[in-house]
Amino acid sequence: ARAIAVTDQSEGFFIENTIHNNTENGVYVDYNSEPTIERNNIHGNGGHGIYVDGDPNGLTECIIVGAGARVQDNHIHHNEETGIYIAWHAHCEGNTIDDNTVGVMVDCGYPHFRNNFVRNSKHAGLFIKGSGVVREDPEGSFEDNEISNNGAAGILLTQEANPPIYGNRIFANVGCGVLVSGARGSI
């Protein structure tokens, strides 16, 4: 089960909680919901630490409505899948994301991903895939993050992803600092 599920275009404030040892995701947010997830310790979940879901109709192009989830100043660690999975719109700032299988996976949307620490993932630190990701849109960016000590590439761009990535500190990863495969990242 999930500890927290935010659905049906809902809002809410989830602040200073410990969210751990759930069989699925620690926090689930469906598309068009706009919760604030702040200063939580999210760890040991069987799925993703935080899962921000995309369009329920499975559209390949993301249509962004509203501000999306605000994920700020959390410690997200030791989850079975990703620390944060984004398939919609999210603002992620000041989080420490470590010791997950993949640090952060972005499948679609216009995330603002700034001033986060992504480290010690078993695989990629930041995995950005899909043609619906950012595409040089001023509404989304990956900036001023520290991405280090991951078991594969620090940042992996695939499937025509084209996000602006700048001002990041990328070091001590097992694979490339940035690996671009079938994508066009602006780095």
Side-chain angles (χ1 to χ4, degrees), residues 1-7 10-54 56 62 67-130 133-134 140 142-156 163 168 170 173:
R2 302 172 181 134
I4 297 172
V6 184
T7 63
S10 299
E11 297 178 3
F13 296 90
F14 304 95
I15 300 172
E16 296 182 353
N17 298 287
T18 298
I19 302 165
H20 66 99
N21 297 338
N22 296 284
T23 57
E24 294 180 27
N25 307 317
V27 178
Y28 172 83
V29 179
D30 78 354
Y31 88 109
N32 277 348
S33 291
E34 299 182 3
T36 296
I37 304 163
E38 189 174 319
R39 296 189 313 271
N40 298 288
N41 185 3
I42 303 170
H43 64 94
N45 296 290
H48 308 278
I50 298 174
Y51 187 107
V52 181
D53 205 353
C62 291
R70 180 163 301 283
V71 179
Q72 188 168 341
D73 298 323
N74 298 286
H75 186 198
I76 306 164
H77 58 102
H78 294 97
N79 296 288
E80 286 296 318
E81 296 185 36
T82 65
I84 302 175
Y85 180 93
I86 301 171
W88 199 246
H89 194 48
H91 295 266
C92 300
E93 188 165 351
N95 299 288
T96 299
I97 305 158
D98 53 10
D99 296 297
N100 300 287
T101 300
V102 173
V104 177
M105 181 177 287
V106 181
D107 201 6
C108 190
Y110 301 93
H112 293 272
F113 196 79
R114 183 178 336 175
N115 294 322
N116 298 285
F117 293 91
V118 182
R119 54 189 176 212
N120 301 322
S121 301
K122 292 178 187 172
H123 299 291
L126 180 56
F127 182 8
I128 307 169
K129 65 179 191 168
V133 178
V134 181
F142 299 85
E143 60 184 288
D144 300 324
N145 301 289
E146 182 177 297
I147 302 167
S148 64
N149 297 304
N150 296 290
I155 298 175
L156 173 59
N168 297 285
I170 305 165
N173 297 288

**Message:** With side-chain contact (heavy atoms from CB on, under 4.5 Å) as the test, pick out the partner of Val102 among Asn150, Ile84, Thr82.
**Reply:** Thr82
**Asked** Between atom CG of Asn173 and atom OG of Ser121, what is the distance when rounded to the nearest 0.5 Å?
**Response** 9.0 Å
**Prompt:** Counting distance only, does the side-chain N/O of Thr36 pair as donor-acceptor with the main-chain N or O of Arg70 below 3.5 Å?
**Reply:** no
**Exam field: side chain Asn41 to backbone Asn74, donor-acceptor pair closer than 3.5 Å** = no
**Asked** Backbone N or O of Asn45 within a donor-acceptor pair of the Asn79 side chain at under 3.5 Å?
**Response** yes
**Asked** Out of Asn95, Val118, Val106, Asp144, which one pairs with Phe113 under the side-chain contact (heavy atoms from CB on, under 4.5 Å) rule?
**Response** Val118
**Request:** Report yes or no: do His43 and Asp99 form a side-chain donor-acceptor pair below 3.5 Å?
**Result:** no
**Request:** Not counting sequence neighbours, which residues clear salt bridge (Lys or Arg N to Asp or Glu O under 4.0 Å) with Glu93? List them please.
**Result:** none
**Message:** Quick check against the 3.5 Å criterion: does Asp107 have a side-chain atom that pairs as donor or acceptor with the backbone of Tyr85?
**Reply:** no
**Prompt:** Got a donor-acceptor contact below 3.5 angstrom from the Asn145 side chain to the Asn116 backbone?
**Reply:** yes
**Message:** For Leu126, run the side-chain contact (heavy atoms from CB on, under 4.5 Å) check against Ile97, Leu156, Ile147 and tell me which one passes.
**Reply:** Ile147
**Prompt:** Between His78 and Asp98, do the side chains contain an N or O donor and an N or O acceptor separated by less than 3.5 Å?
**Reply:** no
**Message:** Applying side chain to side chain contact (heavy atoms under 4.5 Å, CB included), can you list everything that pairs with Asn25, at least two apart in sequence or on another chain?
**Reply:** Arg2, Tyr28, His48, Tyr51
